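For clarity, every value in this text was computed on a predicted model and none was experimentally measured. Reckoned from all heavy atoms, side chains included, excluding hydrogens, waters and symmetry mates.
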Amino acid sequence: MDLPSLALILRSAALSSILDERKDSEQKLNQLQHTPQHLVRLLQIAVDGNCDMAVRQIASIQFKNFIAKHWSPEDGEQQRILPSDK
């Protein structure tokens with residue numbers, strides 16, 4: 001997924017006042033989070049000075065939450081962060 005599309009999804013997931021739009025965007029983010037290079041794209045948005053600050057913050061929070069949850073899997077859990085993304 002390209003960066004502008006991901007930024008739009010992030011904006012909708014966090015800032016939309018329409019509940020159905022927000023839930024749809026959150027579902028898209030959940031589907032994308034295990035795709036290759038997703039974490040890299042989140043970081044690219046977070047440091048992009050041309051992106052709105054709110055979207056940059058949302059990207060940073062998404063990145064932090066995913067890393068905190070999946071960096072070191074518990075015993076028996078499958079590795080969710082691709083080695084190429086680490």
(request) Report the distance from atom OG of Ser12 to atom CG of Asp20, rounding to the nearest 0.5 Å. (result) 12.5 Å

(request) Over all heavy atoms of both residues, which pair between Ile45 and Ala7 is shortest? Give the atoms and the distance, please. (result) CD1-N, 3.8 Å

(request) State whether the side chain of Arg41 and the backbone N or O of Met1 hold a donor-acceptor pair below 3.5 Å, judged by distance alone. (result) yes

Pairs of donor and acceptor atoms involving the side chains of residues 25-32, under 3.5 Å and at least two apart or interchain, shall be tabulated with distances.
from  : atom 1 : to    : atom 2 : distance (Å)
Ser25 : OG     : Glu21 : O      : 3.1
Asn30 : ND2    : Glu26 : O      : 3.4

(message) Would you compute the distance between atom CZ of Phe63 and atom CG of Leu43 and round it to the nearest 0.5 angstrom?
(response) 4.0 Å

(message) Can you list everything that forms a salt bridge (Lys or Arg N to Asp or Glu O under 4.0 Å) with Arg56? Sequence neighbours excluded, please.
(response) none

(message) Would a single hydrophobic cluster contain both Leu8 and Val55, if residues Ile, Leu, Val, Met, Phe, Trp and Tyr are joined by side-chain heavy-atom contacts under 4.5 Å?
(response) no

(request) Check Ala59 against Ala46 and note the closest heavy-atom contact, atom names and distance. (result) CB-N, 4.2 Å

(message) Any side-chain to backbone donor/acceptor pair from Arg11 onto Asp52? Under 3.5 Å, distance only.
(response) no

(message) Can a donor-acceptor pair be found, under 3.5 Å and without considering hydrogens, that links the side chain of Arg22 to the backbone of Ser16?
(response) yes

(request) Mind checking the CD1-CG spacing from Ile61 to Leu42? Nearest 0.5 Å is all I need. (result) 11.5 Å

(request) Hey, could you give me the CG/CD distance between Leu3 and Gln44, rounded to the nearest 0.5 Å? (result) 5.0 Å

